[in-house]
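Everything below concerns the one structure shown next.
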Amino acid sequence: MEECISVFDMLKIGVGPSSSHTLGPWRAAERFLEELKNESILDQIKRVKVDLYGSLSLTGKGHATDLSVMLGLSGQDPEYIPVENIAGIIKNIEDKNEIVLGNQITIPFYFLQDIVFNKEFLPFHANGLKFTAYKADDSEYESTFYSIGGGFVVKEERENAKIKEVIKCAFPFPIQNAVELLSYTVSENKLISEIVYENEKSMRPEAEIHSELMRIWTTMLECMYIGCHTGGILPGGLHVRRRAFDMHQGLIGLSNYNSPQTWLEEIRKTEVKFRQILKWVSCFALAVNEVNASLGRVVTAPTNGSAGVIPAVLMYYLVIENHNAGEKEIKQFLMVAGEIGSIFKKGSTISAAMGGCQAEIGVSSSMAAAALCELMGGSPAQVLMAAEIAMEHHLGLTCDPIGGLVQIPCIERNTMGAIKAINAAELALETDSKNAKVPLDKVIDTMWQTAKDMNSKYKETSEGGLAIAVNMADC
């Protein structure tokens, strides 16, 4: 079944630290509530239990899976909830041993007993969770969901497949792989961003496309701004010191600004030697993922764990490469990035529980490289080459977070992914696409084969790699 994937599916606004382990379970809880309402049984529920399976169980504590489930069951929306309210809502549930289900009815809820961590894996996907609602007449209602990466949630029967197919048919340019995308750019004599825009227009008004793309960018910019202006220690027990704050202070000096946009303008005035560029790009990426690690608001791109790469590379273009760039270039960048991410999702995976960190940092680096390449004047073939180069050098990257937290090595990996994206774009721009030896679709297929061959302990389980070589006491 071909999927209809919008740019806004790939770039979602939510709360950290993980799209698959935080945002996905949160959305699953919302969908479970919707099922209870549709069955007209919400007011009959006297107890709810949540079973977490596989990777959601193994690294769920470090990824705040239990907290996100409670917030979702409470009827909170991750896109709009004031992040400063999260701690209070959780504390209220834990102190009172009750939850306001769907923000409508209060039922007993003992989070230590009613959220169960099961190490076994469900067969359909590594990130499974089952909700059980107990009714007043002692009957039960069960529903199982799978968080498949990037905040996407599905049921095994994929009940939404027919709806997606209808939307898919509305696309003037249905795209399943890079070859199809490139063929449209040739036949229509359009850039990749222009093809994507035509597809998006078949789903929503142009004014909405514009406003939503700019809302995504504003969220990214604010996230970088917050991260660069917040010091201290990250939560979770590893005692990781925030680095973006100190790095930013050393780069910005005594500049005067009072908002994210005026901050951007001030950065344009700073020194741009090679070392400073490396530091700025790294600083932007660090800032985003430090916000992500502290349950802040970020944009999945394509996941929360890799949320820093795309903002860092786009910010690099705006403050280093093109001081005249504005909304047009921002929208162009995001549309290309979103389309490349969707091709990876269709042909492989964006879930670290399925594919290791190559599915997160690798894909985000590929998305950013392609988007930057188009903004720098690359042809559609060079854009796809940039995406291929970036992924080619992330193949086999494992997911081994220490303590199950999205901190070490996750935060630094975003800086590496961003730098590789810029390098990949430059290499593609200097290469005749006719001489390319490795097509993007072949790399995507290779990534999926690598994912299937990868030992499960290197797939977001914290059972291998740095996660066991370095323990909490070492940190």
Side-chain angles (χ1 to χ4, degrees), residues 2-13 150 152 164-217 220 299-302 309-311 313-314 317 325-348 350 363-388 390-391 421 425 428 433 439-441 444:
E2 291 187 347
E3 287 185 271
C4 166
I5 300 178
S6 164
V7 169
F8 303 107
D9 291 323
M10 298 306 303
L11 304 174
K12 303 187 190 76
I13 298 172
F152 289 89
K164 283 179 174 279
E165 186 176 25
V166 171
I167 300 174
K168 174 74 175 175
C169 294
F171 271 17
F173 304 110
I175 298 162
Q176 186 67 16
N177 52 48
V179 168
E180 290 181 359
L181 174 58
L182 185 59
S183 69
Y184 289 133
T185 65
V186 174
S187 63
E188 301 297 319
N189 193 27
K190 291 181 182 292
L191 298 174
I192 288 174
S193 59
E194 293 172 329
I195 295 293
V196 176
Y197 190 53
E198 292 302 314
N199 282 345
E200 291 296 331
K201 285 195 298 181
S202 72
M203 300 176 70
R204 51 183 58 84
E206 292 184 56
E208 183 181 337
I209 296 170
H210 169 82
S211 64
E212 286 302 293
L213 286 173
M214 293 312 299
R215 187 165 73 97
I216 286 168
W217 166 244
M220 289 179 171
V299 177
T300 64
V309 176
I310 285 173
V313 176
L314 178 49
Y317 179 78
E327 292 185 352
K328 173 182 175 293
E329 289 79 10
I330 291 167
K331 292 187 292 183
Q332 189 177 349
F333 187 101
L334 295 176
M335 284 190 288
V336 174
E339 186 59 45
I340 296 300
S342 76
I343 293 174
F344 271 97
K345 184 180 183 300
K346 293 166 189 169
S348 183
I350 58 171
V363 174
S364 63
S365 185
S366 192
M367 292 165 68
L372 179 62
C373 187
E374 179 169 302
L375 287 187
M376 300 281 280
S379 67
Q382 287 175 316
V383 169
L384 296 178
M385 181 188 294
E388 180 278 317
M391 174 49 74
S433 58
L440 177 57
D441 289 329
I444 293 174

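For the residue pair S342/E339, the side-chain donor-acceptor check at 3.5 Å is satisfied. Judged purely by distance below 3.5 Å, without hydrogens or angles, the side chains of Q332 and Y197 never pair a donor atom with an acceptor atom.
Two residues are said to be in side-chain contact when any heavy atoms from C-beta on lie closer than 4.5 Å; F8 and M203 fail this criterion. By the 4.5 Å heavy-atom criterion applied to side chains, F173 and E180 are not counted as neighbours. The shortest distance between side-chain heavy atoms of M10 and I5 falls below 4.5 Å. Side chains of I330 and L314 form a contact here, defined as non-hydrogen atoms less than 4.5 Å apart. Using a 4.5 Å heavy-atom threshold, the side chains of K346 and N177 count as separate. The closest side-chain heavy-atom distance from I340 to L384 is below 4.5 Å. Two residues are said to be in side-chain contact when any heavy atoms from C-beta on lie closer than 4.5 Å; P302 and F344 fail this criterion.
No donor-acceptor pair under 3.5 Å is formed between the side chain of E200 and the backbone N or O of I209. A donor-acceptor contact shorter than 3.5 Å is absent between the side chain of S433 and the backbone of Q382.
Annotation: the span from E388 atom CD to M391 atom CE amounts to 10.0 Å, rounded to 0.5 Å.
Contacts of Y184 classified as side chain to side chain donor-acceptor pair (under 3.5 Å), with partners at least two apart in sequence or in another chain: none.
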